Every structure is written in structure tokens, then in C-alpha cells.
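Scroll down for the structure; my scribbles are underneath it.
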2 protein chains.
Amino acid sequence: MMLLADIGNTHFHIYHGDSVEHLSYAKAIEKYKEQKLCYISVKHQLSKVIEQISQWKNISSMVHIDGEYETMGVDRRALCLSYENGVFVDAGSAITVDVVEEGRYLGGYIFPGLKTMIKSYEDISPLLKTELNRTISLAQLPSTTKEQISYGIIASIKALIDKHSKEKPLYFTGGDGKFLSTFFETSLYDEALVFQGLRHALKEYELC
Amino acid sequence: MMLLADIGNTHFHIYHGDSVEHLSYAKAIEKYKEQKLCYISVKHQLSKVIEQISQWKNISSMVHIDGEYETMGVDRRALCLSYENGVFVDAGSAITVDVVEEGRYLGGYIFPGLKTMIKSYEDISPLLKTELNRTISLAQLPSTTKEQISYGIIASIKALIDKHSKEKPLYFTGGDGKFLSTFFETSLYDEALVFQGLRHALKEYELC
């Protein structure tokens, strides 16, 4: 099987069938530039460099889902192709939530990523500077500033996703995907979802 | 009646019984320094200046609610004293949500303010730079980046507040309080809620 890569906002992700390798852009180019590789990319600043690598093929134009919108990121399109029905959460530098029904994209929404969100509080007041409490319980209302901030972030994300995943399977991917998925009773975390979607997209082309 | 003032993170708010006047710190001091005035303040950087005004009295230590926590802002304590039962949303530079039952504080949570939240997206990627769409419909999932960002912000705040206000009256105050309240079927916006709470607190002391 040909190598598949997802070039994101901060990292280079390479799919090896049973695992995903996360590399810096420079390391990925150094390590894989002589190998045949199909990629999608949302890191447009890198386009010129990458297009010069003759063994690599940009397959972004082959990734489409019914109902998509024009400026929808190619990684989100691929993610939404991984299963026919579901709510797909990609929790990275931003957190995207997308709803798919019978292979058709119905829409979604975007949160700031967890790191950006927790940092935004300290821009408001030094009194609100804190770190995310990753073991917070959502079962009761908190009574300290630190917990009220973590609760505000996580419970609000959960409350909205719960509304849209009542009758649909819930899938998580991305750097904070595993952590976020622990707040949901029934959910699946899979770091390779985007690549599952890419494989579905490429089946038509018998390319990878 | 003696003048009441709430010195917030960005502005000076003065209660006139039927209206609230919002001033810069400097203008408020200039205009009212010769008048008797009771105030609460969360702007600790101003303490030294304000304590020198002989006609003004800091009443922060008189504002308490059962169940409060140690570092709870005095403006939130006052807000929670405005009604015996309710969910209180103060939407300013931060958005605080507090739950009160039979005069007892049960806990709450904190979101970044709307301005801070919309700005945090552009720190992630220039592609996510946008302004809040203030006329967004929450009735259907959006399909443009701009709308998906506005939806993510407003619908998540609403989903969590809805969870806690099912059987309780919902009160809004603060600069974005009127706007946010329009997304809730039954709610009351009152820019003077903090002052209602202050008056309740001060009745015991027969001060103001």
C-alpha cells in the first residue's frame, strides 16, 4: 500500500496501516522524500516546498463529500468520509464537530482548541490564569475559579455535542480526541479516522 | 439614597435607581469624588487611588452569600443576592454563570467573554479570523466557516445554560447580556442586577 499523509496546521501525520506517525514538517520531508506518498494538506505555506518532491502526490482534489461547503478543510472532508453516519470530532489546534447522515454532510461547528481556550482566560485577567483540570467531574457544579474555568470549557463542548449525537455514533480523533472522548458514555476514539476516510475516497480512483 | 458603584475589570458602573451609568475610571472619579458613594470593586490595581477618596466607602466586606467560595468575585456575590432562586449570567469581559437556590450559592462556571472568544480563533489560524455573526440561527447546523465559529460559541454557551435553567428563572446582566438573552425563550435582562443584590446585602446594615 502506498503511504498516506495528512499535513496539518502543526504536524505531519503519516499512516502506516496499524499506526499513525506524527512528525515535524522538516523531519517528515527528510525521512520520506524518496518514497511514493499521497497527501492532503491544510498547511498552504508549505505548498511550494512539497510540490517539488517528485515522489509525492497531492490528492486533495479527490476528496469530496456530498453537502460539503467550498472552504471546508480537506482533512475535515476526509474525516467525514470515514463512516456513513456519525458525529465526527477532530480535537486539535481547533476542535471541529461535523455531522454526517447516510454519507451526506449536514453541517457542523468549530471551537477553539483546548490549549487556546484555556489561554484565552488569562488574556482577560491575571486572576483567571490557570491550567485545564483534566480530572474534573461534570457531575456537580464547581466552586473554585480553576474548576469553574475547566468546567466551562469541557461541559459546554459536551453539552452541545450531546445534543447532536443522540441517535448517531460519536467518533473522536486528533491530539485531544482521546481525552475529550472520556467525557462521553459511548464513543470511539481512532487516531486514523482521517486516513480511513482517505482510503474510501481513493477506492474510486484505485490509487492508493 | 446613597450612590452605589460597581468597579469592574474595564468600567465604572454607577447606579441611579432607574438607570446605570457606565464611565471610565478617570471620569467616574472626577465626576463623583465629592459625593457620598458606596462601592464594590474587582479592579485591585485601583485600590490605592480609590481608598484616598474620603467620601467613598468600600462595602465589599458586607457582601456575602451562603455557599460562596473564598476567591469568588464580589460582583458575582452581589449578583447572586439579587434573587433567591435563579441562574445568573453576567456577560462581560468574561461570562460567569451562577446557580442559586433558596438564597444559597450552588456553584457555577466561567466562559471567556464573546470578544475574547472570537479573537482566539484567529490565534489558531488566519483562516479562522472572523467576526461574530450576531444574527445566527441556532435552528440548523451551519455550513460556512464564519457561521460554524459563531455557532460553536453561542450554541455551546446556550446548551450548557439550558441544562441548568430548566426549572429556574434565568437572569442576564453585563455588556453582552442583552444580546445573549435573545437566544433563550424565557429570560430576564436587567443591567442593574448587581445593584439589586447590593441593596439586599446592605439592608441588614441600613447603610445605603
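No experiment lies behind these values; they were computed from the predicted model shown. Numbers restart at 1 for each chain; the letters A, B, ... are given by sequence-line order, proteins then strands.
Note on B:Gly152, B:Gly67, B:Gly73: by heavy-atom pairs under 4.5 Å with chain A, the leading option is B:Gly152. Ranked by heavy-atom pairs under 4.5 Å with chain A, the first of B:Ile149, B:Ile153, B:Ile124, B:Val42 is B:Ile124. Contact count versus chain A (heavy atoms, under 4.5 Å) is highest, among B:Pro112, B:Gly113, B:Ala159, for B:Pro112.
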Enumerate, by atom name, each donor-acceptor pair separated by under 3.5 Å where one atom lies in chain B and the other in chain A.
residue  : atom : partner  : partner atom : Å
B:Tyr69  : OH   : A:Gln148 : OE1          : 3.2
B:Thr71  : OG1  : A:Thr145 : OG1          : 3.3
B:Arg76  : NH1  : A:Gln148 : OE1          : 3.0
B:Arg76  : NH2  : A:Gln148 : OE1          : 2.8
B:Tyr105 : OH   : A:Gln148 : NE2          : 2.9
B:Gly108 : N    : A:Pro142 : O            : 3.2
B:Gly108 : O    : A:Gln148 : NE2          : 3.3
B:Ile110 : N    : A:Gln148 : O            : 3.0
B:Ile110 : O    : A:Tyr121 : OH           : 2.6
B:Tyr121 : OH   : A:Ile110 : O            : 2.6
B:Pro142 : O    : A:Gly108 : N            : 3.2
B:Thr145 : OG1  : A:Thr71  : OG1          : 3.3
B:Gln148 : O    : A:Ile110 : N            : 3.0
B:Gln148 : OE1  : A:Tyr69  : OH           : 3.2
B:Gln148 : OE1  : A:Arg76  : NH1          : 3.0
B:Gln148 : OE1  : A:Arg76  : NH2          : 2.8
B:Gln148 : NE2  : A:Tyr105 : OH           : 2.9
B:Gln148 : NE2  : A:Gly108 : O            : 3.3
B:Tyr151 : OH   : A:His164 : NE2          : 3.3
B:His164 : NE2  : A:Tyr151 : OH           : 3.3

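For A:Leu128, the part sitting under 4.5 Å from any heavy atom of chain B is the side chain, from C-beta outward, and nothing else.
Listed here is the closest heavy atom pair of B:Leu141 and A:Leu106: CB-O, 3.7 Å.
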